[in-house]
Amino acid sequence: MTDTDRRTSDPILETDGLTKRFGGLVAVDDVDFRLAPGELRCLIGPNGAGKSTFFKMLAGRHSPTEGTITFKGEDITDALPHERIRRGMSIKFQDVSVYPELTVTENLQIPLQRDRKRAPEQRVDELLGRISLREKRTVIADELSHGEQQWLEIAMAISLDPDLLLLDEPTAGMTIEETDETVNLIQSLTAEGMAVIVVEHDISFVRQIAEWITVLHNGEVFTEGTVEEIEADEDVQRIYLGEE
Amino acid sequence: MSRLSNSLRAFEGQHTIGNSRRFWIGFCLAVLLVLLFPFVAGVFSVIQMTVFLIWIFVALSLTLVWGYTGIFSFGQNAFFGVGGYLFAIVGGNLIEVTGATNVALLAAILAPALFAALLGYFMFYGRVSGVYVAIITLSVTLILELITSSTTGVTLGRVDLGGYNGINTVPNLTLGYGETAFSFGPVPMYYLVVVLLVALYLGLRYVLNGHTGYVLIAIREDEARTEMFGYDIRWLKLQAFTASAAIAGLGGALYTAWGNFISPPVMGILVAALPLIWVTVGGRQTLLGAILGAFVLQYLDTTLASSLNSDYAVIVLGIIFVVSILVLPNGVIPQIMTYLNDRATDDEHDEQNAQEAGSPTAIGGDEN
């Protein structure tokens, strides 16, 4: 996707003046954010930059103090989380939360069975193939490795065929090999036309997947640009190293 | 046989205990024993047995809402009481007019369901969860006990509510119309309760092993995650809560018709704690645990109360409850079933080994 595409096409997601205050603390401050359909965007920033709060407002877990969120042309600022999902969003939070007592297959059946018309068997198999867990379909989720649990959760999120996938630190706690596989998985999703927002702390992972990066700092959009531009940006290095 | 096992499959699945042919044979034998009981026991025992079975409705309603959906409801006895009082009031007024209690039975199921729907709406749509649900439902139960206790001298139509003494003029369960209506005496009542209980058990097995079961368990395991798959958990919890109230209400109607009597203590804290104890000891995440827990502990309670005295019975029940939580937090029945399954698997291995040892003759025999 070229920079021109990004600016000209109708955004799938747009925030306008999005602000969240917790008492006197302004966690997210007047953020205008646009995401084109099929775009892969990384959202980075040092600890306390407001990434998680911004993410939770997109997901519907926090309601904004001010501003609006528009998804596929509709105002979803006040929509409940499950209503956002039904409109084509899918979300994986930072903490691993698979259903620990259920098997891998059962875990996948929970999101798949929301629409009773689908054929879960076939779909489960296809999804397990994507995350290389076909051999572990009958394993209790609690017994999977941390990385495998993260994958299972990503598979559960994409099982809903979303137009927009939100991932909060999807590679946290993964080994280097697991991270590489996750990079491939995310890239294959965007290749299929899914828009993806990845909130990430680890800049080396961002370097592997990102086309366009938004840097948050002190709750505001600090800058935007390509990986090269962001990496060359001395101001970004400064806020990351905390040399203010 | 294969057609039978195919039709049984709808009631089987990983969400309920007992999916083997062995289990269903045992189940049929148990039902048969229960059906034959009136032929070998006196009427008094049959009456006693009936009330044990009636309380199982409350235990199952609690398993549905707490064990499977994860809503810690202390309110099942409130729904039981509302069902009982509705049956007494509507039945007592209409029996002279219509000669039956059809409407009363229906009201005793619908009113608690409606009440639960209203209460549940404010709780679940107000995002109340966890221990607060327990506090609210317990409060509601105790308030209903208080209200019904303070109805001395109050009459609704022909029925005297009787305050703390309750209503003792409840008609028998009478179904049908006018002259042909059938009044359920002790033994027919016993059989009706058995049939309803078997139907309820199978119905719950069907529902819990299907799509609904997955979603309810998902809510129990991780509510926030389940919401993130697009499920409206408020609505799903409301449905489970309402259905469980209808089941408890049916139990209340049967109880009231059984003894021709209902009084406020069924909604008191002592009685309201019992279903929680039965279900916890039996195994709250299993239907079988609720059934056997309720049955065995009631039997024990009654036997102890008549041989020692009722205070001791409460203490013994309390000790069983505490020990069970400490030693078998998932309940007795799941533990027993795991043990039996392990043994069954061992037996199969033994059989296989034996067959393999004598394989030439075994195979030859099969081919002929």
Side-chain angles (χ1 to χ4, degrees), chain A residues 55-56 58-63 79-103 105-118 120 124 138 140-142 149 152-163 165-168, chain B residues 9-10 12-17 19 66-70 121 124-129 206-240 283-286 289 329-331 334-335 337-338 341 345:
Chain A
F55 190 89
K56 282 179 181 159
L58 296 184
R61 282 213 174 156
H62 284 334
S63 49
L80 292 164
H82 76 267
E83 292 167 345
R84 299 174 193 225
I85 308 300
R86 289 180 176 211
R87 287 176 191 199
M89 212 184 252
S90 198
I91 300 149
K92 185 210 167 299
F93 286 97
Q94 191 177 337
D95 313 324
V96 176
S97 59
V98 292
Y99 300 99
E101 290 175 20
L102 304 183
T103 65
T105 304
E106 287 174 307
N107 264 281
L108 277 170
Q109 272 163 348
I110 288 165
L112 281 173
Q113 290 199 358
R114 200 189 80 218
D115 177 1
R116 299 178 194 209
K117 287 171 204 152
R118 286 186 207 177
V124 166
T138 57
I140 302 289
D142 204 25
Q149 290 186 0
L152 177 57
E153 239 199 303
I154 296 175
M156 286 157 87
I158 61 181
S159 74
L160 301 171
D161 284 329
D163 300 311
L165 177 65
L166 304 181
L167 297 171
D168 194 358
Chain B
R9 201 147 295 153
E12 295 185 341
Q14 60 254 43
H15 299 155
T16 54
I17 276 180
N19 299 307
W66 179 39
Y68 281 88
T69 320
Y121 174 79
F124 305 132
Y125 281 72
R127 295 280 169 178
V128 174
S129 61
Y206 177 77
V207 170
L208 291 171
N209 281 315
H211 171 267
T212 312
Y214 269 112
V215 183
L216 296 185
I217 289 171
I219 290 174
R220 178 189 78 199
E221 294 290 316
D222 193 337
E223 197 174 307
R225 190 78 196 90
T226 307
E227 185 177 32
M228 286 299 160
F229 295 132
Y231 288 107
D232 188 349
I233 49 166
R234 306 167 306 172
W235 170 233
L236 291 161
K237 282 164 87 173
L238 186 63
Q239 288 179 62
R284 68 181 188 284
Q285 297 180 357
T286 66
N330 287 325
Q335 197 68 31
M337 292 310 276
T338 314
N341 280 344
T345 329

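To find a chain, count down the sequence lines: A is the first, B the second, and so on, and within it residues start at 1.
When all heavy atoms of A:Tyr99 and B:Arg225 are compared, the pair lying nearest together is OH-C, 4.0 Å. In terms of heavy-atom proximity, A:Ile110 sits nearest to B:Phe229 at CG2-CD1, 4.1 Å. Smallest separation of non-hydrogen atoms from B:Gly230 and A:Arg86: O-NE, 2.6 Å. A pairwise comparison of heavy atoms in B:Glu227 and A:Ile85 identifies O-CG1, 4.0 Å as the closest pair. The heavy-atom pair separating A:Leu160 from B:Met228 by the smallest distance is CD1-O, 4.2 Å.
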Original post:
Could you walk me through whether A:Leu102 and B:Ile217 pass the side chain to side chain contact (heavy atoms under 4.5 Å, CB included) check?
Top reply: CA-CA 9 Å; A:Leu102 304 183; B:Ile217 289 171; 4.3 Å; yes
**OP:** List the steps, then state whether side chain to side chain contact (heavy atoms under 4.5 Å, CB included) holds for A:Glu106 with B:His15.
**Re:** CA-CA 11 Å; A:Glu106 287 174 307; B:His15 299 155; 4.1 Å; yes
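The greatest number of non-hydrogen atom pairs below 4.5 Å with chain B, out of A:Glu153, A:Met89, A:Arg84, is found for A:Glu153. Taking A:Glu101, A:Glu83, A:Gln109 one by one and counting their heavy-atom pairs under 4.5 Å with chain B, the maximum is reached by A:Glu101.
At least one donor-acceptor pair under 3.5 Å links the side chain of B:Tyr231 to the backbone N or O of A:Arg114.
Within the 4.5 angstrom heavy-atom criterion, no atom of B:Ile233 approaches chain A. Looking at A:Met156, both its backbone and its side chain come within 4.5 Å of chain B, counting heavy atoms on both sides.
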